[in-house]
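Take a look at the structure below.
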Amino acid sequence: TLTVEILSPEAALWRGPASALMARSSEGDFTILPQHTETVGDIVSSIVRVDTDEGVVAFAVHTGYFQVGPGDGEGVTLATVLAGVAERTTEIDVARAQVAKDAAEVQLAAASKGDQSDPTAQLVAYAALERAELRLRAAAK
C-alpha cells in the first residue's frame, strides 16, 4: 500500500492512503506507486495530485522536495512531499490570486523599463507572477 503526506512549514496539509502520487521535478513529471523504490528528489512549482479511493486530492506546490521510503508496517510505502509553500487547490482564493497576478504583472513591467531595468526586481516580480498563475491554474482544475 501507499501512504502519502503533504507537509509545509506551517502545517501537515494531508495524510492518507493513496494509489498514486503525481508531481513534477526538475527532470520532468513522475508518479509514485505502492512498492516504489526508495528515492529523494525535488519538486518544482506545479500541481501535485494524490489518487485516493475517494477521488483526487490536489495541491498547488511552490517548490519543495519529496522522499519515498518504507512506511509503517510490512509492505507500506511512504511518500512525503515537503513543500516550502503549498495549499489545497479547493482552498485557493481565486480573487486574491488574480489580484496578486495583476500586481506582479505591474511590478514586472516597472522593473523592466528601458535603461532603468532592475534584474533583481524582475526576478522577484516574475516569481510572484509564477506563484499567482499556478494558483489560478490549480483552482481552475
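Please read all numbers here as calculations on a predicted model, not as lab measurements.
- Rounding to the nearest 0.5 Å places CZ of Phe59 at 10.0 Å from OG of Ser8.
- Within the model, atoms CD of Glu87 and CD1 of Ile92 stand 4.5 Å from one another, a figure rounded to the nearest 0.5 Å.
- Between the OG1 atom of Thr31 and the CZ atom of Arg49 there is a distance of 10.0 Å, given to the nearest 0.5 Å.
- Atom CZ of Arg135 sits about 9.5 Å away from atom OG of Ser45, to the nearest 0.5 Å.
- Grouping the Ile, Leu, Val, Met, Phe, Trp and Tyr side chains by contacts below 4.5 angstrom, directly or via other members, places Leu33 apart from Phe66.
- Under the 3.5 Å distance criterion, the side-chain polar atoms of Ser112 are left unmatched by any main-chain donor or acceptor of Ala110.
- Smallest separation of non-hydrogen atoms from Asp93 and Arg96: OD1-N, 3.1 Å.
- Side-chain contact of Thr80 with Glu5: a donor-acceptor pair under 3.5 Å is present, judged by distance alone.
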Stepwise side-chain contact (heavy atoms from CB on, under 4.5 Å) check, Arg88 with Leu13: CA-CA 8 Å; Arg88 203 172 187 149; Leu13 299 173; over 6 Å; no
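- Put simply, the side chain of Val44 reaches to within 4.5 Å of the side chain of Ser26, judged on heavy atoms.
- Comment: Asp72 engages Arg15 in a salt bridge, judged by a side-chain N to carboxylate O separation of less than 4.0 angstrom.
- Tracing side-chain contacts under 4.5 Å through hydrophobic residues (I, L, V, M, F, W, Y), one never reaches Ile47 starting from Val61; they form parts of separate clusters.
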Pair Phe30-Met22, side-chain contact (heavy atoms from CB on, under 4.5 Å): steps then yes or no: CA-CA 6 Å; Phe30 65 91; Met22 293 148 294; over 6 Å; no
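- Of the possible polar contacts, one joining the Gln35 side chain to the Gly75 backbone as a donor-acceptor pair under 3.5 Å is found.
- The heavy-atom pair separating Val50 from Ile6 by the smallest distance is CG2-CD1, 4.3 Å.
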Audit row: His62, Leu134, side-chain contact (heavy atoms from CB on, under 4.5 Å) steps and yes/no: CA-CA 8 Å; His62 307 280; Leu134 174 59; 3.5 Å; yes
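- The heavy-atom pair separating Ser25 from Asp42 by the smallest distance is CB-O, 3.1 Å.
- Annotation: Tyr126, atom OH; neighbour count of heavy atoms from other residues, nucleotides and ligands within 6.0 Å does not exceed 12.
- His36 approaches Val68 most closely through the heavy-atom pair CB-CG1, 4.0 Å.
- Residues Ala79 and Leu21 approach most closely at CB-CD2, 3.9 Å, considering heavy atoms.
- Put simply, CG on Asp51 and CG on Leu2 are 10.0 Å apart, with the number rounded to the nearest 0.5 Å.
- One distance of note links CD1 of Ile32 with CD of Gln67; it measures 11.0 Å at 0.5 Å rounding.
- Gln122 and Asp118 share no donor-acceptor pair across their side chains, judged by distance under 3.5 Å alone.
- In terms of hydrophobic clustering, with Ile, Leu, Val, Met, Phe, Trp and Tyr side chains grouped at heavy-atom distances under 4.5 Å, Ile43 and Trp14 are assigned to a common cluster.
- The nearest pair of heavy atoms linking Pro9 to Gly84 is CD-O, 3.3 Å.
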Candidate pair Leu136 and Gln98, rule side-chain contact (heavy atoms from CB on, under 4.5 Å), full reasoning: CA-CA 7 Å; Leu136 289 169; Gln98 186 62 53; 3.5 Å; yes
